[in-house]
Amino acid sequence: MSAPMLSVVVPAYNEEASLNETHRRLTDVLSGMRIDYEIIYVDDGSQDRTAEIIESLLAGDDRVRLLGLSRNHGHQIAVTAGLDAADGDAVAIIDADLQDPPEVIPEMYERFREGCDVVYGKRAARDGDSAFKKATAFAFYRALNALTDVDIPADTGDFRLVSRRAADAVRGMREHDRYMRGMFAWIGFKQKAVEFHRDKRFAGETHYPLRTMLRLAANGVYSFSVKPLGAIAALGFALVCAGLLWLLTLMILALSGVGGLGLNAVAAMMAECTGLILAALGIVGGYAGRTYREVQNRPLYRLARREGFSR
Ligand code: UDP
Ligand code: MG
């Protein structure tokens with residue numbers, strides 16, 4: 001019987017400067033574990049030499065696989081493509097820029113051998129991130145947990161190692177807006193954190209500017225909670241009550257001869273309420289747009305290349 005197999009999924013977008021070093025450190029760690037393994041590099045439509053570098057790694061090592069997406073599909077989809085192709089007894093997901101240290105994988109694997117289904121990396125320190133990113137991440141994870149019904153562990157990214165059944169469970173969820181860390185929390189099973197020190201990027205720049213981060217955050221909320229819809233309804237009722245009180249006050253003032261509060265107050269109220277209505281519409285629209293995308297039912301990604309796989 002062969003040793004259990006570990007698949008390592010590495011999404012890479014324009015990572016030409018990191019990949020060789022990433023592969024060196026990954027192979028060092030994995031070969032030390034004395035198990036059968038494969039490394040699946042997912043080239044997420046890179047414009048630089050990422051694909052070439054993976055090809056060269058592929059030529060020198062029959063445990064390397066290459067998946068090439070037809071264009072840039074984004075980190076979460078790249079991870080999904082890797083997960084779809086991985087058939088190890090356990091699957092690890094790790095960034096290509098060495099911010100997630102490969103040296104943590106053996107400890108994660110140990111937890112898996114003890115019976116954990118989802119072993120997620122918890123960031124004990126974040127060297128490479130700005131104070132702003134740390135503060136927003138802190139606030140976001142807390143807000144998300146208040147809004148959603150699943151317990152999405154704070155301060156975790158996508159660095160994790162999961163069992164076959166956990167990987168299969170998430171593979172079966174084909175939603176388009178993929179907030180993977182939420183999905184892995186949603187499936188349940190036995191979950192455990194392993195703390196690690198998040199390093200600086202080995203080279204290059206982040207592909208997660210504020211705009212992309214906000215979109216991922218919105219996906220987290222939209223995909224795991226309909227509470228914002230309830231909040232809109234609650235706000236609507238509160239405004240109706242406030243409006244009634246307002247009207248009553250004006251009537252009393254008018255009857256007692258003091259007079260009204262003037263048009264300026266009314267104009268301010270109108271602006272306030274119109275803004276609230278538009279914001280509410282935006283939230284409803286967020287759900288509607290996502291529903292539309294699901295109904296279109298397009299595949300999550302297209303593969304342009306698939307190399308190194310024996311199947
Ligand atoms: N990535 C990807 N597709 C993208 C953007 C990023 O596959 O469209 C990969 C990237 O190469 C890296 C990982 O996802 O391996 C995390 O991205 P990045 O380091 O830019 O994000 P950060 O660590 O700054 O949050
Ligand atoms: Mg990074």
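Start at 1 and go down the list; that is how both ligands and their atoms are numbered. Numbering of residues begins at 1 and proceeds along the displayed sequence.
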Subject >> Pair Arg111 + Glu107, salt bridge at N-O below 4.0 Å >> reply: yes

Other residues, nucleotides and ligands only: do more than 12 of their heavy atoms fall within 6.0 Å of [atom1] on [X]?
| X | atom1 | answer |
| --- | --- | --- |
| Arg302 | CZ | no |
| Lys122 | NZ | yes |
| Phe309 | CZ | yes |

**OP:** State the atom name: nearest N, O or S atom of Asp97 to the Mg ion (ligand 2).
**Re:** OD2

**OP:** Identify the residue among Asp158, Thr22, Asp95, Ile93 that makes a side chain to side chain contact (heavy atoms under 4.5 Å, CB included) with Asp100.
**Re:** Asp95

**OP:** Would you verify whether the NZ or CZ of Arg198 falls within 45 degrees of the ring axis of Phe196 while also being under 6.0 Å from that six-membered ring's centre?
**Re:** no

Short N or O separations between ligand 1 and the protein, below 3.5 Å:
unit_1: ligand 1; atom_1: 3 (N); unit_2: Asp44; atom_2: OD2; d: 2.6
unit_1: ligand 1; atom_1: 3 (N); unit_2: His75; atom_2: N; d: 3.4
unit_1: ligand 1; atom_1: 8 (O); unit_2: Asp44; atom_2: OD2; d: 3.3
unit_1: ligand 1; atom_1: 8 (O); unit_2: Asn72; atom_2: ND2; d: 3.0
unit_1: ligand 1; atom_1: 11 (O); unit_2: Tyr13; atom_2: N; d: 2.9
unit_1: ligand 1; atom_1: 11 (O); unit_2: Glu15; atom_2: OE2; d: 2.6
unit_1: ligand 1; atom_1: 15 (O); unit_2: Pro11; atom_2: O; d: 2.8
unit_1: ligand 1; atom_1: 15 (O); unit_2: Ala96; atom_2: N; d: 2.8
unit_1: ligand 1; atom_1: 19 (O); unit_2: Asp97; atom_2: OD2; d: 2.6
unit_1: ligand 1; atom_1: 19 (O); unit_2: Arg201; atom_2: NH2; d: 2.9
unit_1: ligand 1; atom_1: 20 (O); unit_2: Arg201; atom_2: NH2; d: 3.2
unit_1: ligand 1; atom_1: 20 (O); unit_2: His207; atom_2: N; d: 2.5
unit_1: ligand 1; atom_1: 23 (O); unit_2: Gln99; atom_2: OE1; d: 2.6
unit_1: ligand 1; atom_1: 23 (O); unit_2: Arg198; atom_2: NH2; d: 2.7
unit_1: ligand 1; atom_1: 24 (O); unit_2: Thr206; atom_2: OG1; d: 2.5
unit_1: ligand 1; atom_1: 25 (O); unit_2: Lys133; atom_2: NZ; d: 3.4

